[in-house]
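As structure tokens, the structure follows; a few thoughts come after it.
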Amino acid sequence: MKYKVCIIGGGIVGTAIAYFLGKLGETSVAVFEKRYLSSGATGRCGGGIRQQWSTEANVRLAMRSVKFFERFKDDVGMDIEYKQGGYLLLSFSEEEAKQFEKNVKMQKEQGLNVEILTPKMVKNKYPFINIDNLILATFCQSDGHANPHKATFGYAKAAREMGIDVYTHTEVNSIDVKNGEVCGINTSKGYFECEVLVNAAGAWSKEVGKMVGVDLPTESYRHQIFVTEPLNFFFPFMAISFSGNFYMRQTLHGQFIMGQGDKDEKPGINENVTFKFEKEMAKKMTKLFPFLKNLRILRHWSGEYNMSPDAQPILGESKDIKNFYYAVGFSGHGFMLAPAVGEAIAELIVYGKTLHSDISHLNTERFGKGIIQEKNVV
Ligand code: FAD
């Protein structure tokens with residue numbers, strides 16, 4: 001069997017790339033997923049979609065993605081429970097607050113409707129938040145959240161309808177390279193020839209890189225997250241704090257989803273959960289949001305952040321292997337960036353350049369050049 005483009009990974013990124021390739025008329029495409037669609041980080045994520053970034057390039061990429069999320073139902077044909085209830089970024093550090101002020105100025109220059117809120121303004125607007133130690137907050141109404149499973153299944157379904165093949169429970173075991181160029185993959189369902197190969201393997205990006213002898217600078221770290229029982233309380237936005245180390249939103253059914261990072265995590269795939277996380281998270285969140293007290297935890301799971309050295313994705317063609325593309329290292333923001341990234345990678349493959357988003361600063365060559373970018377990660 002032969003395809004022009006094979007994509008390793010059936011998460012939001014792999015399926016978005018397949019969808020946008022189809023939209024550009026390239027349908028000799030196949031996606032290979034070793035488990036089920038959205039079984040990786042995508043199906044385990046918080047579903048947050050934020051445009052408040054500290055670099056112009058990321059603001060533009062996120063704003064482009066939001067345009068696609070807004071049209072998802074019409075364009076892709078799936079209701080992904082998309083809600084633009086806003087993102088409230090809370091800062092508990094003087095240094096971070098100063099950075100937020102600079103960010104807001106730049107974000108406004110990019111055309112984003114975002115505002116700065118003093119603690120008093122936060123309390124007036126949202127009396128249910130405990131503002132002790134809060135220095136400042138920023139708010140963008142057009143930020144929001146969506147259901148990551150539905151978004152992935154939506155892209156896969158639309159891709160299939162355009163003639164693209166999506167193989168689930170099909171593991172890519174090795175990659176065939178001849179004269180420095182990819183030419184095929186060995187999978188658990190046999191050999192497939194291809195002219196172009198995309199590594200969209202999320203937490204397994206490094207292992208896939210090794211299949212062509214490339215040492216990708218990515219590592220995966222466990223992130224835990226839980227959901228509570230539902231509460232008859234309307235919480236309209238996604239709350240996040242880098243200095244406070246948490247994010248939280250309410251689901252369509254009234255439950256609260258929340259997570260935090262853990263700097264002691266060791267690299268590697270670890271899908272277990274800990275009681276320590278539940279205790280820490282519950283203590284912190286009930287202090288900040290006292291209305292959560294007495295609410296029980298319903299489910300608790302974990303997934304991997306695939307991290308690059310600067311916590312930004314690695315996108316574009318490999319400098320070592322011809323026709324081998326990367327869309328990896330998304331840290332905690334791969335869901336929200338996936339539509340714009342899917343479009344950009346599809347354009348790179350079909351036209352040899354991007355037409356709508358500049359992703360050149362996210363190539364592999366940036367490492368080792370001392371480029372420092374933002375680390376907005378919980
Ligand atoms: P994945 O979804 O991991 O997909 C990669 C797929 O590749 C997997 O399904 C895997 O099975 C498959 N695969 C790997 N190796 C092979 C192989 N050899 N053969 C075949 N298949 C293979 N992002 C946001 O934007 N907003 C959030 O609110 C948010 N919250 C998060 C909360 C948590 C707890 C976690 C863990 C992540 C969060 N993220 C969030 C990050 C986001 O989930 C990821 O960046 C994004 O889902 C990455 O998508 P992906 O398609 O690259 O990876």
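The analysis underlying the following values was restricted to heavy atoms, covering all of them including side chains, and did not include hydrogens, waters or symmetry mates. Indexing begins at 1, ligand by ligand and atom by atom, following the structure's order.
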- request: Under 4.0 Å from a heavy atom of Ser39: give me the atoms of ligand 1 that qualify, with their elements.
  value: 9 (O)
- prompt: So, Phe68 versus Tyr19, ring centres under 6.0 angstrom or not?
  reply: no
message: Does ligand 1 come near enough to Ala203 that some N or O of the ligand is less than 3.5 Å from an N or O of the residue?
response: no
- prompt: If we only count N/O pairs under 3.5 Å, is Ile225 in contact with ligand 1?
  reply: no
message: Any donor-acceptor pair under 3.5 Å linking the side-chain atoms of Gln52 with those of Thr138?
response: yes
Polar contact flag for Gly303 and ligand 1 (N/O pairs, less than 3.5 Å): no
task: Using distance alone, determine whether Cys45 and ligand 1 share an N or O pair under 3.5 Å.
output: no
- request: Record the part of Phe335 in heavy-atom contact with ligand 1 below 4.0 Å; permitted values are side chain, backbone, both and neither.
  value: both
- request: Would you check the N or O atoms of Gly332, main chain and side chain alike, for any that come under 3.5 Å of an N or O of ligand 1?
  value: yes
message: So is Leu37 touching ligand 1 or not, going by heavy atoms under 4.0 Å?
response: no
- prompt: Looking only at side chains, do Asn270 and Glu265 share a donor and an acceptor under 3.5 Å apart?
  reply: no
field: Which of the ligand 1 atoms, numbered from 1, are nearer than 4.0 Å to a heavy atom of His333
entry: 23 (N), 24 (C), 25 (O), 41 (C)
field: Residue, atom name and distance, where the atom is the protein heavy atom closest to atom 9 (O) of ligand 1
entry: Glu33 OE1, 2.6 Å
query: With a cut-off of 6.0 Å (strictly less than), are more than 12 heavy atoms of other residues, nucleotides or ligands near NZ of Lys98?
result: no
- request: Would you check whether Trp301 reaches within less than 4.0 Å of ligand 1, judged by its heavy atoms?
  value: no
Whether over 12 other heavy atoms sit under 6.0 Å from Lys157 NZ: no
message: If I apply the N/O under 3.5 Å rule, does Met211 come out as touching ligand 1?
response: no
- request: Heavy-atom contacts with Ile8 under 4.0 Å: which atoms of ligand 1 show up? List them by number with element.
  value: 16 (C), 17 (C), 19 (N), 20 (C)
Where ligand 1 meets Gly47 - atom numbers and elements under 4.0 angstrom, heavy-atom basis: 27 (C), 28 (O)
- prompt: Cut-off 3.5 Å, side chains only: do Tyr82 and Gln84 have a donor facing an acceptor?
  reply: yes
query: So, Glu317 side chain and Asn323 main chain: donor-acceptor pair closer than 3.5 Å or not?
result: yes
message: Testing the 3.5 Å rule here: is there a donor-acceptor pair between the side chains of Lys319 and Thr364?
response: no
query: For ligand 1, which atoms have a heavy atom of Arg44 less than 4.0 angstrom away?
result: 33 (C), 34 (C)
query: N/O of Leu337 under 3.5 Å from N/O of ligand 1, yes or no?
result: no
message: Out of all atoms in ligand 1, which are within 4.0 Å of some heavy atom of Glu304? Include the element for each.
response: 36 (C)
query: Taking N or O atoms only and a 3.5 Å limit, does His223 qualify as a polar contact for ligand 1?
result: no
- request: Determine which pairs satisfy side chain to side chain donor-acceptor pair (under 3.5 Å) with at least one residue from residues 196-216, sequence neighbours left out, and list them in order.
  value: Ser205-Thr218, Ser205-Asn306, Lys206-Asp215
- prompt: Within 45 degrees of the axis of the six-membered ring of Phe72 and under 6.0 Å from its centre: does Lys150 put its NZ or CZ there?
  reply: no
Protein heavy-atom partner closest to atom 25 (O) of ligand 1 - residue, atom, separation in Å: Met336 N, 2.7 Å
task: List the steps and the verdict of side chain to side chain contact (heavy atoms under 4.5 Å, CB included) for His333 and Gln312.
output: CA-CA 9 Å; His333 39 272; Gln312 301 304 314; 3.7 Å; yes
- prompt: Checking Thr354 side chain against His356 main chain: does a donor-acceptor pair fall under 3.5 Å?
  reply: no
field: Nearest non-hydrogen protein atom, atom 7 (O) of ligand 1
entry: Gly9 CA, 3.2 Å
- prompt: Is it the case that more than 12 heavy atoms not belonging to Glu271 sit under 6.0 Å from its CD atom?
  reply: yes
task: Determine whether any heavy atom of Gly10 lies closer than 4.0 Å to an atom of ligand 1.
output: yes
- request: Give the numbers and elements of all ligand 1 atoms closer than 4.0 Å to a heavy atom of Ile12.
  value: 49 (O), 51 (O)
query: Has ligand 1 got any nitrogen or oxygen that is less than 3.5 angstrom from a nitrogen or oxygen of Ala327?
result: no
query: By number and element, which atoms of ligand 1 are closer than 4.0 Å to a non-hydrogen atom of Thr170?
result: 20 (C)
query: For atom 21 (N) of ligand 1, which protein heavy atom lies nearest, and how many Å away is it?
result: Lys34 N, 3.0 Å
- prompt: What about Gly46: any of its N or O atoms under 3.5 Å from an N or O on ligand 1?
  reply: yes
message: Give me the residue, atom name and distance of the protein heavy atom closest to atom 27 (C) of ligand 1.
response: Gly48 N, 3.5 Å
- prompt: Closest non-hydrogen protein atom to atom 52 (O) of ligand 1, residue and atom name please, with distance?
  reply: Val13 CG2, 3.4 Å
- prompt: Can we call the ring centroids of Phe192 and Tyr167 under 6.0 Å apart?
  reply: yes
message: So, 4.0 Å and heavy atoms of Ser331: is ligand 1 close enough to count as a contact?
response: yes
field: From the candidates Gly40, Ala200, Gly259, the one that places a heavy atom nearest atom 5 (C) of ligand 1
entry: Ala200
- request: Among all protein heavy atoms, pick the one closest to atom 35 (C) of ligand 1 and tell me residue, atom and distance.
  value: Tyr305 CE1, 3.4 Å
Nearest protein heavy atom with distance in Å, relative to atom 3 (O) of ligand 1: Ala41 N, 2.9 Å
